[in-house]
Amino acid sequence: MLDLSLNHFELLGLPVAYQVDAEQLAERYHELQRRLHPDRFAGASERERRLSVQASTRINEAYQTLGDPLRRAQYLLGLLTGEDSAGAGTSSDAAFLMEQMELREALAAARHRADPLAEVDSVLDRLAGQSVGLIAALDERFAGADRQDLEQAAELVRKLQFVTKCRAEAERLAAELDDPAAF
Amino acid sequence: MALLQLAEPGQSAAPHQHRLAAGIDLGTTNSLVATVRSGRAETLPDEQGRHLLPSVVRYLEDGAIAVGEGAKAAAADDPLNSIASVKRLIGRGIGEIAALGSRLPYEFVAVESAVPRIRTRRGEVSPVEVSAEILRVLARRAEAALGGELAGVVITVPAYFDEPQRQATKDAARLAGLKVFRLLSEPTAAAVAYGLDQGAEGLHAVYDLGGGTFDISILRLRRGVFEVLASGGDSALGGDDFDRALARWIMTLAGIEDDADHRVLRRLMRDACAAKEQLSAVERVPLRIERGDGTIWESELTRATFESLIDPLIARTLAGCRRALRDAGVRAAEVADVVLVGGATRVPLVRRRVAELFAGEPLAGIDPERVVAIGAALQADLLAGNRPADEMLLLDVIPLSLGVETMGGLVERIIPRNSVIPAARAQEFTTFKDGQTAMAIHVLQGERDLVSDCRSLARFDLRGIPPMVAGAARIRILFEVDADGLLNVTATETRTGVRAEVSVKPSYGLTDGEIETMLRDSLAHAGEDLAARRLREEQVEARRSVEALRAALARDGEALLSAGERARLEAALTEVGRIAAGADAEAIRSAVAGLEQTCGFYVERRMNRAIHDAMAGRRVEDFE
C-alpha cells in the first residue's frame with residue numbers, strides 16, 4: 001500500500017486551517033499531479049498504473065475537499081473534533097430556517113412568474129450573499145478553535161450545508177428553465 | 001513495464017528510443033489522424049493528399065471493406081451496406097437509438113444482447129466493429145507515414161460522452177489492435193493544440209460543435225497544466241442536426257414523405273449538407289431535389305431562412321455553455337478566450353452567437369476540423385515518453401454524475417458531475433428487511449432524481465450477506481473512475497467482508513468473449529493468425545518490462561534495494577528474458593505477471609519516494 005496516512009492539509013503542504021490560499025492550493029495540487037498522475041505511467045505495468053491511479057485519486061480528493069468551502073469546513077471540523085459526524089444534522093436557528101423556507105418557496109413559485117430566470121437569479125444572489133457571510137463566520141470560529149468555537153462552527157456548517165443544497169437546486173432550476181429540452 | 005519515469009522537473013526521462021504514437025480524432029462525420037514529426041504536430045493525408053477521412057464504412061459485395069471517400073460516395077446508392085455517423089450509435093442501446101429521433105437508414109437486428117447490430121451483406125455488425133474499421137485505416141495511415149508499428153494512440157471522445165460510450169470506443173480500439181494510452185476529451189485536446197502554441201494562461205472556453213456531438217469545456221491553463229473546471233454538452237446534437245432541420249424543411253415543401261425510399265432520403269441529406277456548407281460563404285443557394293418518383297423540385301434557400309431553421313439548435317448549445325459556466329463558478333466575462341472546434345463552427349450564425357455570449361471574437365486560428373487531432377497527437381507523443389513528461393498535464397472531469405438506485409426508484413449520487421478524475425468515492429447502505437442476504441445494486445449515470453430518467457450502466461448483486469436484522473448490515477459501495485472516465489464498482493459488507501465487484505461492462509457494452517470472437521474473425525479476414533499475433537504482443541510486452549526494470553534499477557536500485565533484493569530482481573529478469581525468447585505466449589504472459597509480482601515492493605518504494613520528493617520539492621521552495 002502507498003503511504004497515504006497524511007491528512008489532506010499535510011498532503012498538500014498547507015497549514016491545518018480554514019483559510020486556504022487558492023493559488024497555493026492549486027500550485028501544490030498541480031505539483032503533486034505532475035508526478036503521480038496516471039498519464040506519467042502510460043507505458044507502465046498494471047501494478048504501477050494501479051498505484052498511480054490510487055495516489056492521483058487521493059490527491060484529487062484532497063484538492064476538491066480543500067477547494068470547496070463547505071467540504072473543507074466539514075473535513076476540518078472532523079479533524080479537529082475527531083468525530084466524523086460533526087456538523088451533521090439540521091440547524092436549530094428558527095430565523096435562519098424561516099428565511100430558507102422563504103427562499104425555497106420563491107424558487108417553487110419562480111416557474112409561474114413572468115420572468116422565471118430573473119426570479120431564480122435573485123434567489124441565487126441572496127444565497128450567494130448568505131454563503132459569503134457563513135464562510136467569513138467560519139473563518140473566525142476556526143481561528144479560535146476552542147471547544148465553544150467548534151460548537152459554533154458545527155452550527156455554521158449545518159447552515160452552510162443548507163444554503164449549498166438550496167443553491168444547487170436553484171442552479172438546476174436555472175439550467176432547466178434555460179434549456180427545457182435537456183430535461 | 002516502464003517503471004516510474006522519475007525524472008526531475010525539466011529533465012527528460014532516461015534517453016530511449018523514439019516510440020511511435022498518434023492522435024486519432026474519431027469523429028461523427030469525419031475522422032483524422034495526426035502525429036508529431038520533428039517536433040511539429042500535423043494531421044496525415046492519404047495517398048491522394050486528403051486529410052479528412054469520412055467516417056463511413058461500406059461492406060462490399062466481394063467481401064472487402066471500404067472506408068472513407070469511396071464508401072461515402074457510394075452511400076446514397078447502397079445505403080444499407082454503408083454505415084455513416086456510427087459515432088451516434090456507439091455505446092447505446094437499441095431503445096436509445098430509437099429515442100434519438102433521427103431516422104436512420106439502417107436495418108437493425110433485434111437481438112438478445114442490448115448492443116444493436118446492423119444488418120449488412122457482410123452479416124450483422126455492431127457499432128464497435130464499424131468504428132474499429134475506421135481506426136484501422138487511420139492507424140495504417142500513421143504507420144505508413146512513420147514507417148513502423150505504433151506503440152500507442154490517444155483517441156479523442158466528446159467531453160460529454162458517458163461511460164458506455166467511452167468504454168465502447170476503447171473496445172473499438174482494442175478490436176483494431178491498438179494500445180490506447182488515453183481517451184482524451186475533444187475540447188481538452190483542442191485546448192492543448194492552442195495552449196502549447198501560444199503559452200496562454202488563464203480561463204478558456206472550448207466550444208466544440210461536431211457532426212453529431214456538442215461539447216463545452218471551461219478550462220484553467222496554468223504553467224502547462226490544463227485543468228478542466230467544468231464540461232457539458234449534448235452527445236446527440238451536432239451539425240448533422242442542421243442538415244436534418246434543413247432536410248425536414250425541404251421535405252415539407254417538396255412533398256417528400258417520411259417513409260420515402262432510403263436512397264431518396266440519403267440523397268436529400270447529402271444535398272442539405274452541401275447547401276449548408278455553401279451558405280457559410282454565400283447568401284443564397286439554388287436547390288434541386290429529386291423526389292422518389294423521379295420528378296424534380298426546385299427552389300432557392302437564403303442564409304436567413306437557413307439561420308431561422310438552426311437558431312433553436314444553437315440556442316440549446318448556448319444554454320449548455322451557461323450551465324458549464326455556472327458549474328465552473330465563472331462568469332462569461334472572465335473567460336479570456338473561446339476556441340472554436342468542429343466543422344459546424346464554420347457556420348456564421350454559430351460564430352456570431354458564441355461571440356455574443358462570451359463578448360469577444362472566438363479563436364479559430366487552427367483549422368477547427370483538425371485541431372482536435374493535433375492536440376491528441378501532442379498528448380500521444382508525451383505519453384509515449386518522447387517529451388519531458390512534466391511539460392504538460394491534462395486534468396479532466398467526468399461529465400455526468402454517477403450513482404446507485406435507492407428505495408422508491410430514486411438515484412443517490414455518489415460521484416457528482418465535474419469531479420476531477422481519477423476519482424473514488426464510497427457510500428454506505430444497509431439492508432431494509434430482516435434476514436436479507438442479497439442486495440441488488442443498480443448503477444446509474446445522469447443528473448435526474450428518478451432512476452427512469454437516468455442511464456442504466458449496470459446491475460449486479462451482492463450475495464451472501466449473513467442474515468441480520470434490517471439496518472444492521474453495513475454495505476459499502478465504492479465507485480472508482482479512472483483517468484479515461486471508466487467506472488469500476490465494488491460492494492462489500494464491511495462486517496463480514498463479503499464482496500462483489502463489477503467493471504461496468506454494462507447493459508450496452510460488449511463482453512470480453514464477444515470482443516475475442518470479433519478479433520478472431522477480423523484477423524482471419526485479414527489473413528492474420530491470432531496465435532502468431534498473441535505471441536508477438538507478449539514478446540513485445542516482455543521486452544518492454546525487462547528494459548524498464550533495468551532502467552529503473554540503474555537509476556535508483558542502489559538507493560532503494562539491499563544487495564539481496566537486487567540479486568533477486570536480477571535473477572527474475574534473466575528468467576523472463578529466457579522465457580520470452582521461446583514461443584509459448586501463455587508462458588511469457590505468466591512470466592511477466594510473475595515479474596510484476598516479484599518487483600511489486602520495489603514499485604511501491606519508488607512510488608512512495610515520488611510522493612515524498614514531490615512534497616520535499618515544495619518545502620525547499622517554501623524556504624526560498
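Just so we're on the same page: letters track the sequence lines, and every chain starts at 1. These figures come from a predicted structure and were not determined experimentally.
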Shortest non-hydrogen contact between A/Gln64 and B/Asn418, atoms and distance: NE2-O, 3.9 Å
B/Glu596 versus A/Arg47, closest heavy-atom pair with distance: OE1-N, 3.7 Å
Which portion of A/Asp39 sits near chain B, non-hydrogen atoms under 4.5 angstrom: both
Engaged part of B/Arg220 at the chain A interface, taking heavy atoms whose separation is under 4.5 Å: side chain
Which atoms of A/Glu61 approach chain B - backbone, side chain, both or neither, heavy atom under 4.5 Å: side chain
B/Tyr602 side, atom OH; A/Glu48 side, atom CD - distance, nearest 0.5 Å: 9.5 Å
More than 12 heavy atoms of other groups within 6.0 Å of A/Glu151 CD: yes
More than 12 heavy atoms from other groups under 6.0 Å of CZ on A/Arg113: no
Proximal component of A/Ala168, with respect to chain B [non-hydrogen, under 4.5 Å]: neither
Straight-line distance of B/Arg448 CZ to A/Glu176 CD, nearest 0.5 Å: 7.0 Å
Salt bridge B/Arg322-A/Glu171, side-chain N to carboxylate O under 4.0 Å: no
Atom pair CG/CZ of B/Leu383 and A/Phe41 - distance to nearest 0.5 Å: 12.0 Å
Rounded distance [0.5 Å steps], CZ in A/Arg167 versus CZ in B/Arg326: 12.0 Å
Between OG on residue A/Ser56 and CG on residue B/Asp482, distance to nearest 0.5 Å: 10.5 Å
Contact winner vs chain A - B/Gly600, B/Gly320, B/Ala483, heavy-atom pairs under 4.5 Å: B/Gly600
Minimum heavy-atom distance between B/Lys179 and A/Arg49, given as atom pair plus value: NZ-NH1, 4.2 Å
Side chain to side chain contact (heavy atoms under 4.5 Å, CB included) assessment of B/Glu480 paired with A/Gln54: CA-CA 10 Å; B/Glu480 294 170 285; A/Gln54 259 179 33; over 6 Å; no
Heavy atoms from other residues, nucleotides or ligands near CD of A/Gln148 exceed 12 (cutoff 6.0 Å): no
Sub-4.5 Å side-chain heavy-atom contact between B/Leu395 and A/Tyr63: no
Contact summary for B/Pro422 and A/Asn60, nearest pair of heavy atoms: O-ND2, 2.8 Å
Test: A/Glu27 and B/Arg222 ion pair at under 4.0 Å: yes
Part of B/Ile421 within contact of chain A (heavy atom distance under 4.5 Å): backbone
Minimum heavy-atom distance A/His37-B/Leu394, with the two atoms named: NE2-O, 3.8 Å
Test side chain to side chain contact (heavy atoms under 4.5 Å, CB included) applied to A/Glu169 - qualifying residues, sequence neighbours left out: A/Arg104, A/Lys165
Check ion pair A/Arg172-B/Asp449 (N to O, under 4.0 angstrom): yes
